[in-house]
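This report concerns only the one structure given below.
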Amino acid sequence: MKIEFAPHHNPWERRLQTASVLQWFFYFFCMGQCSIAVFILLLFTRFWLISALYAVWWAFDWDTPSKTGRRSHRMRNLVIWRYMKDYFPISLVKTADLDPSKDYIFGFHPHGILPAGGFINFCTEAASFSKHFPGLKPHLMTMSMCFRVPFFRDYVMSSGFIPSDKESVSYVLRKKEGGNIVVIVVGGAKEALEARPGAYTLVLENRKGFVRLAIENSTPLVPVFSFGENELYDQVENPKGSWLRWTQERLQKIMGLSLPLFYTRGIFQYTFGFIPYRKPIFIVVGKPIQLVKKHNPSQDEVDELHKRYLEELCKLFEEHKLKYNVPEDTHLSFV
């Protein structure tokens, strides 16, 4: 196999962009484990008091993640996120104005291997979210286990993440002042197993919990599609029925996260590695779907709104796909 090395004369701008993506990859895959290791190791050194004091603080601060967390303006505006945005690059496309006095639920699709577009647009200001939607604060949901890791939990909260559970969503949507957006990656970890270039299969057919939450809280649903999200990584073939897919699905049920076997380019060469490809991402935010509040909606009412949501999502996809190099004969499919 011939290795294609990156040219030595690459400008520093591109090198900084690659470095920013590398630290983001570390943030997702390694920082949690490193935080646990540091917390434990400190207990066996003369710095044990750091972990002891943090444990006391942690106990008092246990419920903070489920109460909108502790977002940091400084963290969200770090220059490193702008370099990461320019690496791909990533763009935010608005199709309708949103009322800052109201709350919204954004359904984000697809998950991808790692939702780079979702992170940059909703956890940072690199793509100028606040300028596109003034007066609105996005809260991207992620696995609850991230908020049970010492040190790492504080880093996650600073970007505006909240746990992916009903209590956290309800707390955000019931705040009197309004102006909050809960961003739900509806397909979740299971959808990552469908992510590969040219794939438009969404795990959505039986995902209706977010619809019920919207009705119970009288919160408009907004479909969001990330064109290019699945183009960032190649994935080892794992068709349904294969031993690999069977193993991945079992692990996903046990651990709560999937383990897609992906491969891309490297840091100093373009032949193999784990750094995502430089492919553009366009996140298109659709129009809000208005609804009527009901404290205990029937299954038929949930099904009806879910059907409307699928129709609006498909409409959004069809209206914009040609702009973002999706073949005309390509359509969304749901599992």
Side-chain angles (χ1 to χ4, degrees), residues 66-68 96 98-99 102-111 115 118 122 138-145 162-176 178 180-195 199-226 240 245 248-250 252-258 284-319 331-335:
S66 60
K67 295 180 179 179
T68 72
L98 300 181
D99 186 348
K102 294 182 178 180
D103 294 324
Y104 297 91
I105 292 179
F106 280 15
F108 182 87
H109 317 271
H111 182 285
F122 304 122
H139 305 270
L140 181 60
M141 302 187 75
T142 190
M143 295 178 296
S144 297
M145 70 171 65
I162 61 172
S164 55
D165 55 54
K166 182 178 180 179
E167 293 72 22
S168 300
V169 176
S170 297
Y171 187 90
V172 172
L173 299 180
R174 289 171 184 169
K175 298 184 75 174
K176 293 181 180 179
N180 290 292
I181 298 173
V182 173
V183 185
I184 304 176
V185 186
V186 183
K190 187 175 181 180
E191 196 171 81
L193 299 178
E194 305 286 350
Y200 294 95
T201 300
L202 304 181
V203 178
L204 189 53
E205 200 167 63
N206 297 309
R207 298 286 173 106
K208 301 179 181 180
F210 73 107
V211 174
R212 183 176 293 276
L213 279 169
I215 297 175
E216 291 174 348
N217 293 280
S218 188
T219 307
L221 281 171
V222 180
V224 179
F225 197 87
S226 182
K240 290 190 176 182
R245 186 59 167 260
Q248 289 172 323
E249 289 177 344
R250 293 299 177 278
Q252 191 264 324
K253 288 180 180 179
I254 295 170
M255 301 166 59
L257 69 158
S258 59
V284 183
V285 179
K287 299 176 182 178
I289 302 170
Q290 304 298 332
L291 43 88
V292 178
K293 182 176 182 178
K294 290 200 174 180
H295 292 292
N296 190 23
S298 66
Q299 189 59 51
D300 287 341
E301 290 169 327
V302 171
D303 291 342
E304 181 183 351
L305 181 55
H306 184 263
K307 182 180 177 182
R308 280 177 57 200
Y309 181 84
L310 294 185
E311 291 172 351
E312 289 298 321
L313 179 61
C314 288
K315 182 180 177 182
L316 182 72
F317 178 80
E318 295 295 331
E319 287 179 351
H331 307 286
L332 293 180
S333 62
F334 305 108
V335 295

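If you're wondering where the values come from, they're calculated on a predicted model, not measured in any experiment.
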Which is it for Val185 and Leu140 under the side chain to side chain contact (heavy atoms under 4.5 Å, CB included) test, yes or no, and what are the steps along the way?
-> CA-CA 8 Å; Val185 186; Leu140 181 60; 4.0 Å; yes

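- Scanning all heavy atoms of the two residues, the minimum distance from Pro223 to Tyr309 falls at CA-OH, 3.6 Å.
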Would you check, one step at a time, whether the test side chain to side chain contact (heavy atoms under 4.5 Å, CB included) holds for Leu193 with Val203?
-> CA-CA 10 Å; Leu193 299 178; Val203 178; over 6 Å; no

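- Once rounded to the nearest 0.5 Å, the distance linking CD1 of Ile162 with OH of Tyr171 reads 11.5 Å.
- For the pair Leu204/Leu332, no side-chain contact is recorded, criterion being any heavy-atom separation below 4.5 Å from C-beta on.
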Enumerate donor-acceptor pairs with a distance under 3.5 Å from any side-chain N or O in residues 205-213 to protein atoms, sequence neighbours excluded.
residue : atom : partner : partner atom : Å
Arg207  : NH1  : Val186  : O            : 2.8
Arg207  : NH1  : Gly187  : O            : 3.2
Lys208  : NZ   : Asp303  : OD1          : 2.8
Arg212  : NH1  : Pro297  : O            : 3.0
Arg212  : NH2  : Gln299  : OE1          : 3.3

May I have the step-by-step check of side chain to side chain contact (heavy atoms under 4.5 Å, CB included) for Tyr104 and Asp99, ending in yes or no?
-> CA-CA 9 Å; Tyr104 297 91; Asp99 186 348; 3.4 Å; yes

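- Among residue pairs with one or both ends in residues 306-318, those qualifying as salt bridge (Lys or Arg N to Asp or Glu O under 4.0 Å) are Glu318-Lys321; sequence neighbours excluded.
- Shown here for Met141 and Asp165, the closest heavy-atom pair between the two residues is CE-N, 3.4 Å.
- Between the OG1 atom in Thr219 and the CG atom in Asp103 there is a gap of 6.0 Å [rounded to 0.5 Å].
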Apply side chain to side chain contact (heavy atoms under 4.5 Å, CB included) to the pair Leu202 and Leu313, showing each step before the final yes or no.
-> CA-CA 11 Å; Leu202 304 181; Leu313 179 61; 3.8 Å; yes

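- With values rounded to the nearest 0.5 angstrom, His295 atom NE2 is found 9.5 Å from Ser218 atom OG.
- Just one residue in the list Ile184, Ile181, Thr68 forms a side-chain contact (heavy atoms from CB on, under 4.5 Å) with His139, and that residue is Thr68.
- With Ser258 contributing its side chain and Gln252 its backbone, the two residues share no donor-acceptor pair below 3.5 Å.
- In this structure, Ser144 and Ser164 approach most closely via the heavy-atom pair OG-N, 3.9 Å.
- Contact check for Leu305 versus Leu221: side-chain heavy atoms found under the 4.5 Å cut-off.
- Of all the heavy atoms in Leu98 and Phe106, the pair that sits closest is CD1-CZ, 3.6 Å.
- In terms of heavy-atom proximity, Val222 sits nearest to Gly286 at CG1-O, 3.3 Å.
- The minimum heavy-atom distance between Leu291 and Ala214, with the atom names listed, is CD1-O, 3.4 Å.
- Put simply, the side chain of Glu191 gets close to the backbone of His111: a donor and an acceptor are under 3.5 Å apart.
- In this structure Glu249 satisfies the salt bridge (charged side-chain N to carboxylate O under 4.0 Å, His left out) test together with Arg245, sequence neighbours excluded.
- Here NE2 of His306 is found 11.0 Å from CD1 of Ile215. Values are rounded to the nearest 0.5 Å.
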